[in-house]
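Structure first, then comments.
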2 protein chains.
Amino acid sequence: MPKRNSSQRLESVSCATLHRLSEYLRCLRHLESIGITKTSSRDFAERFHLSAVQIRKDLAQFGEFGIRGVGYDVSQLAGRISSLLGLDQGRSVIVAGMGNLGSALTRFLSFGPETFEVVGGVDCDLAKIGDKIGHLTVRPVSELRQLVRETKAEIGILAVPVAAAQSVYDEFVAAGVQAVLNFAPIRLRIHANVRTRNVDLQVYLEELSYFLQTT
Amino acid sequence: MPKRNSSQRLESVSCATLHRLSEYLRCLRHLESIGITKTSSRDFAERFHLSAVQIRKDLAQFGEFGIRGVGYDVSQLAGRISSLLGLDQGRSVIVAGMGNLGSALTRFLSFGPETFEVVGGVDCDLAKIGDKIGHLTVRPVSELRQLVRETKAEIGILAVPVAAAQSVYDEFVAAGVQAVLNFAPIRLRIHANVRTRNVDLQVYLEELSYFLQTT
DNA sequence: CCATGTGAACAAATTCACAGCA
DNA sequence: TGCTGTGAATTTGTTCACATGG
């Protein structure tokens, strides 16, 4: 039996699988919170309208997590998924662009689980420098590199206007951030060594628009 | 030659294709804005690091848009894509949840193209009722149905806390909204007749987290 | 001749069907 | 027996190679 080592990152895992794993994790945490300690792929799938086979296939890429004939231990499975997503260690996040969206995202993150901590915020707009977002002080974008170095931030959130997006992205890359979540509606020239994920409100709305029946 | 009618919605178009079409459209608008009137799939792909064949395949699902041996007319192609995404008619949007995120999204949309207009905002929090977001007055969630009817809104944006998300989603559905963009980190029990798209910051961050090498 | 548009080949992802183990 | 884990079948999506036509 080819035992996979769940502590090392596989390059070959699809984005779709990771997406689902993250959702599974959330659902498991929910079960935990309501006191359910055991589940099966079938039961789990039915509760959250997922696919039971898909769940098993997704997990199979990382090892064996259940007991045949029985099912899964909720907390244990949650722990294993959390660990393989790299969530047992905290992740520091820096937000670039402290406008409406940037500050909303910052506040949003302070509610969620402690895994992702916003440790810094920068803005191009000089008027915003020194503003307080929660307990965070907005600093000039020119200090981004220093800030990343100071905080050892691994993730950058890009919430600046389109015009500044590419250059701030490049700053993030130069500063040594390993992943970027981009909210600017632009196709960035991506740096290969930095995982970049786009979140594009306008694209999502346009996708939905297609399905609005005119009949 | 099986001529497709680009004015009717095909049920069979993949989400990935729609996503790309929306991106093509944005890129075309960019070319327009810098005065470029003609392009080819190759040229276009190189400019925006896309795949030339993919572009042609995506377009092929809807008809013929180019001239063999020549390429595409930028404005014309933009118009055709815009039309098949259903963007030539305006779309009314209602935002539920006028907290940080909701109001940021509202403001964000007032910058983008006029296709999507936020025509109403509601909140569960009584303290927020009556607040002004731009020229919009926040109304109680109990008036959601009436608001949808008044404005003929087709799209709902769900930016309420997790605890309220399912019930407000159900309200959107009951009110007759045709599509929902959900920002609450929860797996909604989806209504089949309503296109629902989740945008989940936490999931995106967890996906990125996986790739943060610990080596 | 050149770039589009497309059938055919290929790859990836999902689903099926069942083997294997508690 | 019941549910996990998995090879095989299927579906879906992408890439290739070229026929088509301005």
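Quick note on labels: first sequence line is chain A, next is B, and so on, each numbered from 1.
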Measure the acute angle between the ring planes of Y210(A) and F62(B), then classify it against the limits of 30° and 60° as parallel, tilted or perpendicular.
-> perpendicular

What's touching nucleotides 8-12 of chain C from the protein side, N or O pairs under 3.5 Å?
none

Output a table of nitrogen or oxygen pairs between the protein and nucleotides 3-5 of chain D separated by less than 3.5 Å.
{"unit_1": "dC3(D)", "atom_1": "O4'", "unit_2": "G69(A)", "atom_2": "N", "d": "3.3"}
{"unit_1": "dC3(D)", "atom_1": "O2", "unit_2": "G69(A)", "atom_2": "N", "d": "3.0"}
{"unit_1": "dT4(D)", "atom_1": "OP1", "unit_2": "S41(A)", "atom_2": "N", "d": "2.7"}
{"unit_1": "dT4(D)", "atom_1": "OP2", "unit_2": "S41(A)", "atom_2": "OG", "d": "2.6"}
{"unit_1": "dG5(D)", "atom_1": "OP1", "unit_2": "F65(A)", "atom_2": "N", "d": "2.9"}
{"unit_1": "dG5(D)", "atom_1": "OP1", "unit_2": "G66(A)", "atom_2": "N", "d": "3.0"}
{"unit_1": "dG5(D)", "atom_1": "OP2", "unit_2": "Y72(A)", "atom_2": "OH", "d": "2.9"}
{"unit_1": "dG5(D)", "atom_1": "O4'", "unit_2": "R68(A)", "atom_2": "NH2", "d": "3.4"}
{"unit_1": "dG5(D)", "atom_1": "N7", "unit_2": "R56(A)", "atom_2": "NE", "d": "2.6"}
{"unit_1": "dG5(D)", "atom_1": "O6", "unit_2": "R56(A)", "atom_2": "NH2", "d": "2.9"}

Taken in chain and number order and not counting sequence neighbours, the residues that satisfy ring-ring contact (aromatic ring centres under 6.0 Å, His included) with F48(A) are F44(A)

List in chain and number order the residues that pass side chain to side chain donor-acceptor pair (under 3.5 Å) with Y169(B), two or more places apart in sequence or in another chain; answer none if no residue qualifies.
-> T196(B)

Quick one: Q61(B) CD to dG7(C) P, roughly how many Å, whole number?
-> 13 Å

In terms of side-chain heavy atoms of A16(A), which of dA17(C), dT14(D), dT14(C) is nearest?
-> dT14(C)

Return the minimal non-hydrogen interatomic distance between S40(A) and V70(A), and the atom names on each side.
-> CB-O, 4.4 Å

Do any side-chain nitrogens or oxygens of Q54(B) fall under 4.0 Å of OP1 or OP2 in dT15(D)?
-> yes

Send over the distance from D73(B) CG to dG22(D) P, rounded to a whole Å.
-> 17 Å

Please list all pairs passing the salt bridge (charged side-chain N to carboxylate O under 4.0 Å, His left out) test where one or both residues lie in residues 164-175 of chain A, with sequence neighbours left out.
-> R145(A)-E171(A)

Between CD1 of I55(B) and P of dA3(C) the distance, given in whole Å, is 14 Å

Within this structure, what is the CG-to-C1' distance between L50(A) and dA13(C), rounded to whole angstrom?
-> 16 Å

Where at least one partner belongs to residues 175-190 of chain B, residue pairs that pass salt bridge (charged side-chain N to carboxylate O under 4.0 Å, His left out), sequence neighbours excluded | E23(A)-R187(B)

Heavy-atom side-chain contact between N198(A) and I186(A) under 4.5 Å = no

For T17(A) and D58(A), indicate whether the former's side chain and the latter's backbone hold a donor-acceptor pair under 3.5 Å.
-> no

